[in-house]
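See below for the structure under consideration.
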Amino acid sequence: MLPRAGQLLRSGGGRWQQPLSAARRGRSLPAPQMLCLRQSGNLKHYKAACYSTLVPSDEVTVNYRYGLPVVTLMLPSRKERCQFTVKPMLTTVGTFLQDVQKEDKGIQRAEVFTTDGSKIPATALMEVLLMNDFKLVINNTTYSVQVPVKEKWSREHATEAEDIKSLVHRLFIALHLEDHQLRRERELLQKLDHLREQLVPLEQMKAKIATSADAKTNRLLWTGLALLSTQGGALAWLTWWVYSWDIMEPVTYFITYGSALAFYAYFVLTKQDYVYPDVKDRQFLHYFYRKSRSQHFDVEQYNKLKEALAEVEESLRRLHQPLHLQLPIQEINDKD
């Protein structure tokens, strides 16, 4: 093997000699070339490294790969460059910073600011952040990040991409819809059984309290009927057997006026008309809640369980009707 230019040959006698040049061997000299070298590490080992045009290791860059932005930065503790692929329409700034901190536990502070120093909230989407240049602060180091301009698709490319997305979505539904339905139905049935188990003791206690409140309400209604009958009989006895109508007429007038005043007072206090079915329901609820407090019956918990049970049953009903799977609840209710 021929030695390289600049190296010495050792002769058999132990003396160092300059090797023959290419011109002396009859060959043409190649064009001169220059190799830039710099010393690194311990100087006595004469290790050399070539300068390159790569991005400096302490710089944060943003590039687009397969249509998604890739943020490349240096992890301060590990001294390694790490790439983070971002989904702009789904990932928030807070989620991106959390991913960076999870990758390097030595990062105590990670924030993002605009070029004029305004802090960007963690709830902002990365799509908004990547519209302009920004500053990334990691611990005590601030990096100025320049966002490249993303090439806009033409209308034909955008339409083609939307068609591809729609086709992929339909294929996914066709391949996985049945498995998803079975898995979802199994989850709903388990939740339904769990809710019914929780409601069994509450239903029994509610039935007892409702029976007691209904009995008290009926007794009150019969008591009112008895009092009105007694009042009518007393007025008739006083009118025909004790006094005359001339004396009892003002008495009946003030009784009627007092009744009207009582009904108006009921409306002022309850903001409801004095309608007998409404009065009965109101009195029933009054007895029911008073009995519930004495029996330690949690009405709010019972209502939450009943609402959850109704939602699960509605979900099962929709799941068993394939034509309604892609429709919102409001539209289904309108059709029903």
Side-chain angles (χ1 to χ4, degrees), residues 188 191-192 194-318 321 324 327-336:
L188 290 175
K191 187 176 181 180
L192 185 66
H194 180 65
L195 290 174
R196 286 176 177 175
E197 290 178 359
Q198 290 181 312
L199 281 172
V200 168
L202 295 178
E203 289 285 1
Q204 295 176 355
M205 186 179 295
K206 173 184 172 294
K208 294 180 181 179
I209 296 174
T211 301
S212 176
D214 187 65
K216 288 185 178 180
T217 304
N218 290 330
R219 284 199 297 268
L220 181 62
L221 294 177
W222 285 106
T223 301
L225 178 61
L227 290 176
L228 289 176
S229 300
T230 302
Q231 178 184 351
L235 291 176
W237 178 68
L238 292 174
T239 300
W240 284 300
W241 280 277
V242 179
Y243 305 108
S244 64
W245 176 247
D246 295 336
I247 298 175
M248 294 303 299
E249 184 178 7
V251 176
T252 56
Y253 169 78
F254 282 106
I255 291 176
T256 304
Y257 178 77
S259 300
L261 185 62
F263 296 154
Y264 184 76
Y266 176 84
F267 172 77
V268 171
L269 295 176
T270 63
K271 303 299 185 296
Q272 293 179 352
D273 293 334
Y274 191 83
V275 182
Y276 291 118
D278 295 341
V279 174
K280 179 180 180 298
D281 294 339
R282 184 180 181 84
Q283 197 61 37
F284 171 81
L285 292 176
H286 172 71
Y287 287 136
F288 182 86
Y289 278 94
R290 189 170 66 178
K291 188 72 172 178
S292 298
R293 287 191 294 270
S294 63
Q295 297 291 332
H296 303 288
F297 177 74
D298 193 351
V299 179
E300 294 183 359
Q301 180 66 18
Y302 175 79
N303 291 334
K304 290 180 180 179
L305 292 176
K306 291 291 289 185
E307 292 176 357
L309 182 65
E311 291 179 359
V312 173
E313 291 177 348
E314 177 65 19
S315 299
L316 281 173
R317 187 181 71 84
R318 293 182 62 193
Q321 297 180 3
H324 290 171
L327 300 179
I329 296 179
Q330 182 64 34
E331 188 173 350
I332 293 175
N333 293 335
D334 294 341
K335 287 188 175 183
D336 293 342

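When a residue number appears, it is its place in the shown sequence, counting from 1. Values reported hereafter were calculated over all heavy atoms of this structure, with side chains retained and with hydrogens, waters and symmetry mates removed.
- Atom CG of residue Leu285 and atom NZ of residue Lys280 lie 10.0 Å apart, to the nearest 0.5 angstrom.
- Scanning all heavy atoms of the two residues, the minimum distance from Phe284 to Ala210 falls at CE1-O, 3.5 Å.
- Tyr287 has its ring centre no less than 6.0 Å from the ring centre of Tyr289.
- Between Phe297 and Lys291, every side-chain heavy-atom pair lies at or beyond the 4.5 Å cut-off.
- Just one of Lys306, Lys208, Arg196 meets the salt bridge (charged side-chain N to carboxylate O under 4.0 Å, His left out) condition when paired with Glu203; it is Lys306.
- Ring geometry for Tyr276 against Tyr274 counts as perpendicular: the plane angle is over 60°, on a 0 to 90° scale with 30° as the lower cut.
- Evaluation of the side chain to side chain contact (heavy atoms under 4.5 Å, CB included) rule for Thr239 yields Trp245, Met248 as partners, not counting sequence neighbours.
- For the atom pair Asp278 CG and Thr270 OG1, the distance stands at 9.0 Å (nearest 0.5 Å).
- Rounding to the nearest 0.5 angstrom, the gap separating the NZ atom in Lys216 from the NE2 atom in His286 is 9.0 Å.
- Scanning both residues, Val268 and Lys271, for their nearest heavy atoms gives O-NZ, 2.8 Å.
- Counting only distance, with no hydrogens or angles, the side chain of Ser212 and the backbone of Ile209 share no donor-acceptor pair below 3.5 Å.
- Across all their heavy atoms, Leu188 and Val312 have their closest contact at O-CG1, 3.5 Å.
- Between Tyr266 and Val279, the closest side-chain pair of non-hydrogen atoms falls below 4.5 Å.
- In this view, Arg282 satisfies the salt bridge (Lys or Arg N to Asp or Glu O under 4.0 Å) rule with no residue, not counting sequence neighbours.
- Side-chain contact between Tyr302 and Leu199 is present, with at least one heavy-atom pair separated by less than 4.5 Å.
- Note: Trp222 CH2 to Leu227 CG = 13.5 Å, rounded to the nearest 0.5 Å.
- Looking at heavy atoms from C-beta onward, Leu309 lies out of side-chain contact with His194 at the 4.5 angstrom threshold.
- Of all heavy-atom pairs spanning Ile247 and Val251, the tightest one is O-CG2, 3.8 Å.
- In this structure, the separation between CG on Asp298 and CG on Leu202 is 8.0 Å, given to the nearest 0.5 Å.
- No more than 12 heavy atoms of other residues, nucleotides or ligands sit less than 6.0 Å from atom OH of Tyr243.
- A salt bridge is defined here as a Lys NZ or Arg NE, NH1 or NH2 lying under 4.0 Å from an Asp or Glu carboxylate O, and Arg317 with Glu314 meets this definition.
- For the atom pair OG1 of Thr223 and CG of Asn218, the computed distance is 10.5 Å after rounding to the nearest 0.5 Å.
- The shortest distance between side-chain heavy atoms of Gln301 and Leu305 falls below 4.5 Å.
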